[in-house]
Amino acid sequence: IEFILMISKSDQDPENARRLYSEYSPAVKCFVTSAADRESFKPVTDCIRGCITVVAGQSGAGKSTFVNSVAGSALMDTGELSDRTKRGKHTTRHSELFTIADGDGDESPAYIIDSPGFSVLDADEIEPIRLQDYYPEMYNNKKACRFMDCSHTGEPGCFAQELVRSGKMHPDRLERYIKIYRELEEEYKNRYRQNK
């Protein structure tokens, strides 16, 4: 499964949108979009043509707005952020498959699934050594390290620093990877300890 990152609502914070793009674009296909500029959705639509795509993300991120825009009609309800929490409200409560482009001529149709948003994404079920499998720049270079069981957290002969030096991984992304790895490692060590 290929995944792409759509940085939505860029009109609300253009500087942060640029920062996110520079951080993630070396690893995955990234698109900066805004509902205020519907043309910004076109590169995403072109990218997913001929595919079945699931749109996933936090509540209030603009998933349903994107689906409605590329479909050309109001297929899914959209909502505002909560006044109290300033976070998205769960407007989409089910997943549904839509055809967003009819295939005519050489153009393939695209199918899109709008999914309910989430508030928090936990990684606590991931075994620490498997965390690298969630980072494309790492799993595509697994055999580049001196040690087969390299955690990419500072071992000698690790290729992670080379990824940063070559611009294939943003230094902040590696720093967060190491932080998440350490947290998972601690949880993994304590997984069988119960309150005694």
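We find that K179 and E183 are joined by a salt bridge, their nearest charged nitrogen and carboxylate oxygen being less than 4.0 Å apart. At a threshold of 4.0 Å, the pair R182-E185 counts as salt-bridged, since one of the basic side-chain nitrogens sits closer than that to a carboxylate oxygen.
The main-chain N or O of T33 is found under 3.5 Å from a side-chain atom of S10 such that the two form a donor-acceptor pair. In this structure, S40 contributes its side chain and S34 its backbone to a donor-acceptor pair below 3.5 Å. Under a 3.5 Å cut-off, the side chain of S25 and the backbone N or O of C30 do not form any donor-acceptor pair. S115 places a side-chain N or O within donor-acceptor distance of the main-chain N or O of V55, the cut-off being under 3.5 Å. Of the possible donor and acceptor atoms, one in the side chain of K63 sits under 3.5 Å from a partner among the backbone N and O of Q58.
Closest approach of P26 to K168, counting heavy atoms only: CB-O, 3.4 Å. Scanning both residues, F159 and E137, for their nearest heavy atoms gives CE1-O, 3.8 Å. Minimum heavy-atom separation, Q132 to C150: NE2-O, 3.6 Å. Between A110 and R49, the shortest heavy-atom distance links the atoms CB-CA, 3.9 Å.
Taking hydrophobic clusters as Ile, Leu, Val, Met, Phe, Trp and Tyr residues chained together by side-chain heavy-atom distances below 4.5 Å, V54 shares a cluster with Y111.
Going from atom CG of L163 over to atom CE of M138 covers 7.0 Å, rounded to the nearest 0.5 Å. The CZ atom of R165 sits 5.0 Å away from atom CD of E162, with the distance rounded to the nearest 0.5 Å. One distance of note links CD of E23 with CE of M169; it measures 9.5 Å at 0.5 Å rounding. To the nearest 0.5 Å, atom CD1 of residue I52 and atom CG of residue L97 are 6.5 Å apart. Rounding to the nearest 0.5 Å gives a distance of 11.5 Å between CD1 of I7 and CG of D13. Between the OG1 atom of T53 and the CE atom of M6 there is a distance of 10.5 Å, given to the nearest 0.5 Å.
Note: Y135 and Y177 have perpendicular aromatic rings, judged against thresholds of 30 and 60 degrees for the angle between ring planes.
Here the side chains of R38 and T65 are in contact, with some heavy-atom distance below 4.5 Å. At least one side-chain heavy atom of L174 sits less than 4.5 Å from a side-chain heavy atom of Q161. At a threshold of 4.5 Å between non-hydrogen side-chain atoms, the residues F147 and P156 count as touching.
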Evaluate side-chain contact (heavy atoms from CB on, under 4.5 Å) for D37 paired with K42, printing each intermediate quantity in order.
CA-CA 10 Å; D37 175 14; K42 187 174 182 334; over 6 Å; no
Kindly indicate, with the supporting measurements, whether the criterion side-chain contact (heavy atoms from CB on, under 4.5 Å) is fulfilled by Y181 and I129.
CA-CA 8 Å; Y181 186 95; I129 199 64; 4.2 Å; yes
Assess whether side-chain contact (heavy atoms from CB on, under 4.5 Å) is satisfied between I180 and Y134, documenting all intermediate values.
CA-CA 12 Å; I180 294 168; Y134 296 85; over 6 Å; no
Starting from the C-alpha separation in whole Å, work towards a yes-or-no answer on side-chain contact (heavy atoms from CB on, under 4.5 Å) for K29 and C47.
CA-CA 9 Å; K29 287 181 188 170; C47 180; 3.9 Å; yes
